[in-house]
Every structure is written in C-alpha cells, then in structure tokens.
Amino acid sequence: MSPGSPPPAASDLEFMQQALLLAREAAAAGEVPVGAVVVRNGQVVGRGRNAPVGRHDPTAHAEIAALRDAAATLGNYRLDGCELFVTLEPCAMCSGAMLHARLQRVVYGAPDPKTGAAGSVLDLFAQRQINHQTQVVGGVLAQECGGLLAQFFQSRREHARSTQQPLRDDAVRTAPERFDGLPGYPWAARYVQDLPSLNGWRMHYLDEGPADAARTWLCLHGNPAWSYLYRKMIPVFLEAGDRVVAPDLIGFGKSDKPKKDSAHSFAWHRQVLLELVEQLDLHDVVLVVQDWGGLLGLTLPMDAPERYTGLLAMNTALATGDAPLSPGFLAWREMNAKNPEFDIARLFARGNPRMSPQECAAYAAPFPDRGHRAALRAFPRMVPESPTADGAAISQQARGFWSKDWSGRTLMAIGMQDPVLGEPVMRSLQQLIRGCPEPVLLQQAGHFVPEEGEEIARLAVGYLRR
C-alpha cells in the first residue's frame, strides 16, 4: 500500500490469503508462485495458480486460470460485479483479459517492476479510451506476497549452484582437482551462467566480504593470469571491511574455455563484464585493473559512472588503435604466435623471482593442454592496432570519459621492470586520466604488479577512501 493509503478491508486480506494458498501450491509444483481468486458477492467463484511450465502454455497465468474458472462457474464470459485478487501485479496479457471480462475491481499484492501493467511498467487500467473502467488496488499483503516470490527464486538459484551446470559442446572445463590446495587462494568459487551474453558458458568469480559494504573492489585480471593474481590484495581489502569481486574472464581460470580462438572478441568480453556488474548490482566500486583487466575494464565506468568511485591502475593501457603499440607488446605478441604452448609457470617465475614454484604452477593450473588455451592464443591478437579494429572506438570513447568526466579518485602503480606495459605506457595513461596523481613506482616489480599486492592494497585502502 502507498504511504497514507487506508488499511485494506478485512475481506481483502482474507481473499488475498486464499490467493497466497494457491501461490504456494504453484511453488510446490515448480511454478513461479502466483495465485488468484475471483470473488462475487463475497463468495469465491474462481481459482487459479500459475502453470505455464507444467501445461506448456504461455497463457496459463494464475489470473487467466481464475477468470476461466469463474466464467465457467457463472456461465458467462462477462464477469460484471466480480473482483479478482492476485498475489503479483498482473502483466499486460492478464490485465487485458480482466478488462475484457469487465471486472469491477482488481486487488494485487506485490508490485512487478519488470512486467507489471497496473502501474509499474505501464498502466492499462488508466486508459480512459477503453470502454470499461476497472478499479485497481495494489499492495495488499505485499510483503508476504513478495517474500514468497523472493524465497522461490532464491531456492532456484541455490539449486542451480548446487548442481553441475551444463557444459556446452564447444567448450572445455578445467577439472576442479587442478585447483585443490593452491597456495594463498582459500575462497569459495561462485559461478554465473545466465548472463545474456554468456550464451550458456559458465563464468567463475570470487565474491567476498559483506554485500552491503561501503566499498567494493572489482579486480580484473589480464592474460595469461586469472583471479589468483589478486590473492595478496584481497585479504587487505577484506580486512578493511570491504567487498571484493574478482571474476575469471571466459577462457581463463575456473571459467569455461571455448575451444575456438574465434570465440573471443574485445566487444564480447566487455559486454559480459558489463552484465556481471549489472547482475551483481555493484555500487561504490573501486576498479582494480592490470594488463587486459585495464584494456577491458577502463571502458566500463562510462556506461554507469554512478557505480564507480575509484580506480587502481597497474601496468595496463587504453587500446585506442590510433597510437603505435609498444615494442615490448609487439615482441610479446610475436612470441605467442611462434610458441603458443609457452610455459606459463616459467613465465611467472622469470618475471617474479620472489614467487614460490607452487605459486608459479598455480597460474598454469587452468590450462592443462592446448585445448584449454584458446584465450591465451586469441588475446594478443585482439589488442586494437588500428582505429577500425574491434574495441578501438569504444576505447577512444573511454579516453574522453577519463580525461573529461571522471570524478573519482585514482591511484596508479607501475612495475618498473615490465618491458610490455611499463613506465612509458603508464605515463601516457596517467596523462589521460583526470586528476591522476604521480604514480607509485615499484622499482623491483615486473609486469604482474599485484604480486607486490599487499603493499599496494594497503596504500589503496587509505588513499581511495571516499
């Protein structure tokens, strides 16, 4: 009920409770829990519950079933003088049927912000051109009705997580035992498979800390790393009481790995990240990026600037396609092309001498053979090299955002031993970011700056406070 509205009549509460009983029957049958009753002269003359799944019928909504039952009981498709009580705001289809039936009144429980046609998305009942006017009352037992729906969908999500999610024929999934006992990586795996752009591929992410934290660190990795890259920074962020979300891009880490190199594109990976941020409803975000985490991640905030308050950038770039690629990157790309089966553990050991052999091996865990390495082959070729390349135009737009519209705080850290995205590249990025202060220079750090992560994380926790 809206503020200031009179309390519902006792009879309205009674009939909504009957509709709730039918909604619970729908839930028990595996249907979305919506129930409805039609009342005439204080007597229930029609009952219905959701059944589109069981009946293979898109019109088998609770309201339609209740209207049909009432029309059969009364022997008339016109339901003059009747009232309909339903636990969820009716959709456009059901609202149209109610108007055709010439109901006197419609009473609903929970609002439906996605498809509600009694005021949430549109209001069919307010169209004065229609030759019959039906009174509408919303919000009766809204909390109870909405709670039943929330419980149903939460149960479905938990069931999906507890069962093996299907693997597409054109992808592989790294055996889970390869991730057992990785040093410094104790966090629970979470998965999402229903983002529109995923098309059925399963994406892994970490989500630690309180969901209502005052700050969320969104940590995006590069190639050939995965969320293991942030294992030294995550504890510092959590210690500060913050939330941390660290996804594995499709093709990396614990996420599914398409078999074909051609499955990967700049625009597609970016869209997946946008949808993940939207689905998790991340707010007060500090964007943490390194390598490809920045090439993709630096294009995200301009689509929803209200979600982002800070940036921590480490050895990355904006790939706008209108500037020459660095000699270091060109050498890296050539090495990938000539030696696509390069030793990942050795790569990390060479650039990060303080890492243990077990830590270096952990980076190779997701990629047991050539069939799991399509993303590693594809990503070096995906860096935009001309203004017309995939990702170049959106990166140019992002450049304008960071130079003119960015209003958050920025911290930049440079691994000075990086031959690919080292100080010259990062100085260019610094000049593009509005308000970016003098970078932190890490003289002994190489390309994978988060391996020096505890020091940077502690600095960032203090500096990037709102």
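Just so you know, residue 1 is the first one in the sequence shown, and it goes up from there.
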Student: How are the rings of Phe379 and Trp292 set relative to one another: parallel (under 30°), tilted (30 to 60°) or perpendicular (over 60°)?
Tutor: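 Ring orientation, 0 to 90° scale: perpendicular.
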Student: Checking side-chain contact (heavy atoms from CB on, under 4.5 Å) between Leu124 and each of Ser95, Pro90, Cys91, which is the one that passes?
Tutor: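 Checked Ser95, Pro90, Cys91 against Leu124; only one passes side-chain contact (heavy atoms from CB on, under 4.5 Å): Ser95.
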Student: Kindly give the heavy-atom pair with the smallest separation between Gly297 and Leu220, and that separation in Å.
Tutor: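 Scanning both residues, the minimum pair turns out to be CA-CD1, 3.6 Å.
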Student: Is Lys114 paired with Glu89 through a side-chain N to carboxylate O contact shorter than 4.0 Å?
Tutor: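 No salt bridge links Glu89 with Lys114.
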Student: For Arg178 and Ala365, indicate whether the former's side chain and the latter's backbone hold a donor-acceptor pair under 3.5 Å.
Tutor: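 A pair under 3.5 Å: yes.
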Student: Go through the side-chain N and O atoms of Asp248 and Ser227 and say whether any donor and acceptor fall under 3.5 Å apart.
Tutor: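 Asp248 vs Ser227: donor-acceptor pair found between side chains.
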Student: Return the minimal non-hydrogen interatomic distance between Asn223 and Asp291, and the atom names on each side.
Tutor: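 Smallest heavy-atom distance, with atoms named: N-OD2, 2.9 Å.
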Student: Without hydrogens or angle criteria, can the side chains of Asp194 and Gln279 be said to hold a donor-acceptor pair below 3.5 Å?
Tutor: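 Side chains of Asp194 and Gln279: pair found under 3.5 Å.
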Student: Is there a donor-acceptor contact under 3.5 Å from the side chain of Asp261 to the main chain of Arg377?
Tutor: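 Not confirmed, Asp261 side chain does not pair with Arg377 backbone.
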Student: Would you sort out whether Tyr191 and Lys254 count as a side chain to side chain contact (heavy atoms under 4.5 Å, CB included), showing the intermediate values?
Tutor: CA-CA 9 Å; Tyr191 295 97; Lys254 296 184 179 182; 4.0 Å; yes
Student: Looking just at side-chain N and O atoms, do Gln396 and Arg399 make a donor-acceptor pair shorter than 3.5 Å?
Tutor: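 The answer is no; no qualifying pair exists.
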Student: Do the ring planes of Trp226 and Tyr228 sit parallel (below 30°), tilted (30 to 60°) or perpendicular (above 60°)?
Tutor: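 Ring orientation, 0 to 90° scale: parallel.
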Student: Under 3.5 Å, sequence neighbours excluded: what are the donor-acceptor pairs made by side chains of residues 23-35?
Tutor:
{"from": "Arg24", "atom 1": "NH2", "to": "Glu144", "atom 2": "OE2", "distance (Å)": "3.1"}
{"from": "Glu31", "atom 1": "OE1", "to": "Val53", "atom 2": "N", "distance (Å)": "3.1"}
{"from": "Glu31", "atom 1": "OE2", "to": "Val53", "atom 2": "N", "distance (Å)": "3.2"}
{"from": "Glu31", "atom 1": "OE2", "to": "Gly54", "atom 2": "N", "distance (Å)": "2.6"}

